[in-house]
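Naming convention: chains lettered A, B, ... in sequence-line order (proteins, then strands); numbering from 1 in each chain.
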Amino acid sequence: MGAHRPRRPAPLGPGPLTPSRVARVLPDEPAIDRAFDYLVPDSVGPVEVGDVVRISLHGRRVGGWVLDADAAPPPGVTLRPLAKRSGLGPPPEVIDLASWAAWRWAGRRATFLRTASPPTVVPRRPRRADSGPPVAIPADELVTSALDARQAVLRLPPAADVFPVVLAAAARGQALVVAPSVATARHLALRLRRAGIDAAIHPRDWARAAAGTTVVGARAAAWAPAPDLACVVVVDEHDEAHQEERAPTWSARDVAIERARRAGVPCVLTSPAPSLEALGWGRLVAPSRGTERGGWPILDVIDRRHDDPVKAGLWSERLVPRLRGDGTVLCVLNRTGRARLSACVACGELARCARCEAAVVHQPDGTLACRRCDAERPALCLACGATRLKHLRVGVTRAREELEALLGEPVVEVTGATADRELPSARVYVGTEAVLHQVPSAQVVAFLDIDQELVAPRYRAAEQAMGLLVRAARVVGARAGGGRLVVQTRLPRHEVLDAVLKADPGRLAAADDARRRALRFPPHAALAEVSGAAAGALIEALGRPLGIDVLGPDESGRWLLRAADHQVLADALAATPRPAGRLRVAVDPPRV
DNA sequence: CGGACAAGCTGA
DNA sequence: CAGCTTGTCCGG
């Protein structure tokens, strides 16, 4: 990618007048992924690469970023003057990083530069931060060896605190810490300050990061300015929150890795269950088996292979006693509504959509809704008119009703929809995985149907199920404190459960890696999902380049591109002009 | 993106 | 052919 631009040759001798410099500016309009040249009038003053400026483009004023402060314009175009310099923007190395990310995730540079820019005007480069007196850090051998390895994956069990890693990183100079959520980032920054280390939160404290202060933030922090960058830490690198959902679907972990590589500084990724991408990138550093084991909760596997598949409900007789007692209990079932699959009690006919024949969801209000075409209808059998339906695959709403009856005490339902309300206090909660976010701690977390996660038709299903178990492990805490996870399964030997049972995530990684290699899934291939009205046009423009498999379209008009690696995939996408119309290109789609 | 302009459709 | 919509092009 073109990090090198033609430089204007030095003028031969003094001219009659000092000619105005020419700045090359990328407009802050993601749809216009093209730079334009402007004269820099004396009234505007000097501009530097990365500065945020205003330009008039085609008769309107728009913002933009200086990509080159001394450009050689193509001959024969009359240049307009820059309207003004607004202030400081991303430093040159971040501008280059944005170009790389635009290539890597088939996006536009402006999208990344927005993320990398200060939220309010920063007129001048702030004075270098005074690093203050050195802070004495208790030496942690594991953390030190991870930082010294320069490219390390530090596998710490769920109950372990990552703060010592962040602290040791910040003690080495300006650290860039990328956390999976804003809340985690804030908390880490607060603890750094308590430990006597100044910490900026991205993007709010952009100017302080630009002055060399250690910076902490959620995924956008991968784009924070860092003039004195000494090391990069990505907390919980396995967490899907590091990836942007909207296209370009960039991953803060991968941006952080590339950034550290370019800066030549150490990069440490932490995770209780590192992704295969991480393991393929860096050296694994882990505590002793005993220490690691101690940081995981106990796992109770309830084997349901011999339960009658028709009669067995959600609540096996081995599960219910574990839900009694006086500790807080969370039951996780990733299905909303009353039932995801129902059949007529009278004639056995499956409840399906009258319009498109997809299975319908029994909603809390009693109606049946189609998730494919959004049609709604009353709950009755289309074949025989009977009004009684049997719930074959119970959802959270129904599960709550059933558990309340079983336990004879109040049970509270928790879903994504309850996130903004205060939960009624109770001992027992039933919910989707949202329950793991909304209830801070518990004695027991029970996964009512973990098989749904284990065998989900997605190549990352095992890793995602592991992510859920890690989250649950943090809610219940370490085994020494009585933390306990319970799973009901017909796959008691599944490698995810095996890994948690033995507190050894390496067991999962080995099995998952072999499977993905055999099926040519990432990290042994690079994928991109192409969708939207203009998807077909892009596929046509792409043609059949060597090394790219074009799969699809599926029933909703989506294609999947597969290449041996990201170099091949990104080069092919970069060489294809983007057609007009709605188009989404999701590189590294998390749910395929 | 959004303005400019050209080509296409409609109504009397 | 004015008056309008729709599409394509292009910006320094």
The salt bridge (Lys or Arg N to Asp or Glu O under 4.0 Å) partners of A:R128 (sequence neighbours excluded) come to A:D228

Rounded to whole Å, how long is the line connecting atom CD1 of A:I32 with atom P of C:dC9? 16 Å

When you measure only distances, ignoring hydrogens and angles, does the side chain of A:R34 come within 3.5 Å of the base of C:dC10 through a donor and an acceptor? no

Would you mind reading off the distance between A:H58 atom NE2 and C:dG12 atom P, rounded to a whole angstrom? 7 Å

Counting the atoms with a prime plus P, OP1 and OP2 as sugar-phosphate, which does A:P27 contact under 4.0 Å by heavy atoms, base, sugar-phosphate, or nothing? nothing

Applying a 4.0 Å non-hydrogen cut-off, can you work out what A:R80 is touching in the nucleic acid: base, sugar-phosphate, or nothing? sugar-phosphate

ring-ring contact (aromatic ring centres under 6.0 Å, His included) with A:F112: of A:W100, A:W103, A:W223, only one passes, and it is A:W223

Check the distance between B:dC1's P and A:R60's CZ and give it to me in whole angstrom. 9 Å

Rounded to whole Å, the CG-P distance (A:D28 to B:dG2) equals 12 Å

Indicate yes or no: does A:R208 engage A:D198 in a salt bridge with an N to O separation below 4.0 Å. yes

Rounded to whole Å, how long is the line connecting atom CZ of A:R61 with atom C1' of B:dC1? 17 Å

Interatomic distance, A:R578 CZ vs C:dC10 P [rounded to whole Å]: 19 Å

For A:L57 and B:dG3, give me the distance from atom CG to atom P, rounded to whole Å. 12 Å

Kindly write out the residues that satisfy salt bridge (Lys or Arg N to Asp or Glu O under 4.0 Å) with A:R261, not counting sequence neighbours, or none if the list is empty. A:E258

